[in-house]
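Only one structure is covered here, and it is reproduced in the block below.
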Number of protein chains: 2
Amino acid sequence: MTRQEAAHTHRIPLNRDRVLRAAVALADATGIDALSMRRLAQELDVVPMALYKHVANKEELLDGMVDTVVGEIDPPATGPDWQRVVRGRILSARRVLLCHPWAARVIESRTGPTPAVLAYLDSMAGSFRDGGLSADLTHHVMHAMGSRLLGFSQELFDASGPSGPPDPGLAAHYPHIAELAATAAHDGSSTVGGGCDDQFEFEFALDLLLDGFEGLRRQGWTSARKA
Amino acid sequence: MTRQEAAHTHRIPLNRDRVLRAAVALADATGIDALSMRRLAQELDVVPMALYKHVANKEELLDGMVDTVVGEIDPPATGPDWQRVVRGRILSARRVLLCHPWAARVIESRTGPTPAVLAYLDSMAGSFRDGGLSADLTHHVMHAMGSRLLGFSQELFDASGPSGPPDPGLAAHYPHIAELAATAAHDGSSTVGGGCDDQFEFEFALDLLLDGFEGLRRQGWTSARKA
DNA sequence: CTTGACCAGTGTACGCCGTACACCTATGCT
DNA sequence: AGCATAGGTGTACGGCGTACACTGGTCAAG
């Protein structure tokens, strides 16, 4: 067990997959802003340039990270009730994205779709089609769901800061927001703290949209273009 | 007209507002990634550090830019039809955000709300309340609208690249997406090219949501929490 | 057994970034 | 006249992504 042998044993050859996993873990642990090629290399006990044998550049690294997390989303369930199927899948996507808070922003920042995202969207479209929606309606429905399809949209921010008591200055300047904050505060939601129940909000919007889609489907909606 | 006088005349004293406007213009012209303090300073014929007399740092510059563009959104119209009012305002926001394609991402990247965004959201909540929605419903409705409230969400990407003919390889791997692309291609929408009519998609989703909200309002919806 | 191609990993270097800090210099108040 | 202040300057530092030339180890062909 010379030093050389030790080096051999503890150094798994560092393939692309290991790089991506380490990058995801690092982003999870320290935030996406702290993810640099240099820090990542350090984490892998390697010199920065070594990474470039496995990813072309940082953009491709980010693409790979996106594919890695999107690959964690459950495959679609099977069943006759398309709304159930879609709902379950989207909530799975949401769960995954909530585990990797950086992922939503990174996905949005990609200039083109990555394969895993494409596959996800494709199977989602398939679920709509299997549920009896026309291709036309499915198309518009996918657009309507927007980023909600991918389970994120935690919304911009909470409007109320992390602090506890309602800011009196805020109430003076933004009365309606203050009112909403008050509403959120004193209904006994699952989040004991000041905030509102994100999960409830998410499902509220999701169900509203799904109900809307079902209504359109039942009435045989088709995109009536004005010439 | 010594050189000194010339310097005096052509150098308007560079206040915060001029900095923000120049930053917005530069981001519009060259993209948000090309906006650096150094490039911005150069644009203003000034040394980089001069900017720091007017903005604390780059984050605050971005905050200011957000407030600048959000300030361009039309004030809310008045009228008895709340859906009309809200719809018009949101479409105004969308118009503004489409003029500054970088703005959506920057807004999402802010850690806290900026004053202009807060004011915008507040007056939007006011429109819902004036329309007869309860504070409770308004709260959830604001969440449901999500980023659509701010008029963006051009959606992740177009799924079909900028190229013309449908990629046969894509069709093989992602049949449903290919089907949607075909649907979008041969209905004679306003965009003659391959893409779909973003404006139509946006209004489709918007109206679906607004109709859903109106239904809830009419039936006196209230958030029925399961304890 | 030698040779040479081919990797994965290294080391150095460049140009860009945000910005801390010390410095000027004109302006305007006392 | 004296002086504080505000706005613009110059220099410098540490971090970033990554181009490019290299090295040592593996392995097939001669």
Side-chain angles (χ1 to χ4, degrees), chain A residues 1-24 26-27 29-66 102 105-106 109-111, chain B residues 1-24 26-27 29-66 102 105-106 109-111:
Chain A
M1 58 188 65
T2 65
R3 177 188 296 111
Q4 190 186 138
E5 275 180 51
H8 270 234
T9 43
H10 90 4
R11 191 182 275 291
I12 311 118
L14 183 63
N15 52 22
R16 180 181 163 98
D17 213 64
R18 255 176 33 89
V19 170
L20 294 183
R21 286 179 191 289
V24 168
L26 186 57
T30 68
I32 194 66
D33 290 339
L35 176 75
S36 69
M37 299 300 275
R38 292 167 129 103
R39 292 258 303 111
L40 177 56
Q42 190 175 319
E43 211 73 19
L44 289 162
D45 269 323
V46 126
V47 86
M49 286 311 293
L51 300 176
Y52 288 86
K53 302 288 178 179
H54 305 280
V55 298
N57 49 46
K58 190 173 185 182
E59 288 293 292
E60 203 198 89
L61 175 76
L62 292 172
D63 282 350
M65 292 169 69
V66 166
W102 48 269
R105 194 169 335 156
V106 173
S109 76
R110 300 301 79 201
T111 57
Chain B
M1 60 187 67
T2 66
R3 177 187 298 110
Q4 189 186 137
E5 275 179 53
H8 270 233
T9 43
H10 89 7
R11 191 185 277 290
I12 312 118
L14 182 63
N15 52 24
R16 178 182 165 97
D17 214 64
R18 258 181 25 95
V19 170
L20 294 182
R21 286 180 192 289
V24 168
L26 186 57
T30 68
I32 194 64
D33 291 340
L35 175 75
S36 69
M37 299 300 275
R38 294 168 128 102
R39 293 258 303 111
L40 177 56
Q42 190 175 320
E43 211 73 17
L44 288 162
D45 269 324
V46 125
V47 82
M49 286 310 294
L51 300 175
Y52 288 86
K53 300 287 177 177
H54 305 280
V55 298
N57 48 46
K58 191 173 184 182
E59 288 293 292
E60 204 197 89
L61 174 76
L62 292 171
D63 282 350
M65 292 169 68
V66 166
W102 48 270
R105 195 170 333 157
V106 173
S109 76
R110 298 301 79 201
T111 57

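Throughout, a chain's letter reflects where its sequence line sits, starting with A, and its residues are numbered from 1. Computed over heavy atoms, backbone and side chain alike; hydrogens, waters and symmetry mates excluded.
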**Q.** Pairwise distance CE(A/Met65) to CG(A/Leu26) - rounded to 0.5 angstrom
**A.** 8.0 Å
Q: Could you run through nucleotides 13-23 of chain C and give me one letter per nucleotide, 5' to 3': B if any protein heavy atom sits under 4.0 Å from the base, S if only the sugar-phosphate is that close, - if neither?
A: B---BBBBB--
If the condition is salt bridge (Lys or Arg N to Asp or Glu O under 4.0 Å), which residues does [X] pass it with, not counting sequence neighbours?
X        : answer
A/Arg105 : none
A/Arg21  : A/Asp17
B/Arg16  : B/Glu60

Q. So, is A/His54 near the phosphate of C/dG9, with a side-chain N or O under 4.0 Å from OP1 or OP2?
A. yes
Q. B/Leu51 versus B/Leu61: any side-chain heavy-atom pair under 4.5 Å?
A. no
Q | Heavy-atom side-chain proximity of B/Val55 to B/Met37 below 4.5 angstrom | A | yes
Mind calculating the distance between [atom1] ([X]) and [atom2] ([N]) to the nearest angstrom?
X       : N      : atom1 : atom2 : result
A/Asp33 : D/dC16 : CG    : C1'   : 13 Å
A/Leu44 : C/dG9  : CG    : P     : 10 Å
B/Gln42 : D/dG8  : CD    : C1'   : 17 Å

**Q.** Heavy-atom pair of closest approach, residues B/Ala41 and B/Pro48
**A.** CB-CA, 3.4 Å
Q) Listed by chain and number, what are the side chain to side chain contact (heavy atoms under 4.5 Å, CB included) partners of A/Glu59, not counting sequence neighbours? A) A/Asn57, A/Leu62, A/Arg110
Q) In which stems does DNA chain C show up, taking only runs of three or more Watson-Crick or G-U wobble pairs whose two distances fall under 3.5 Å? A) C:1-30 with D:1-30
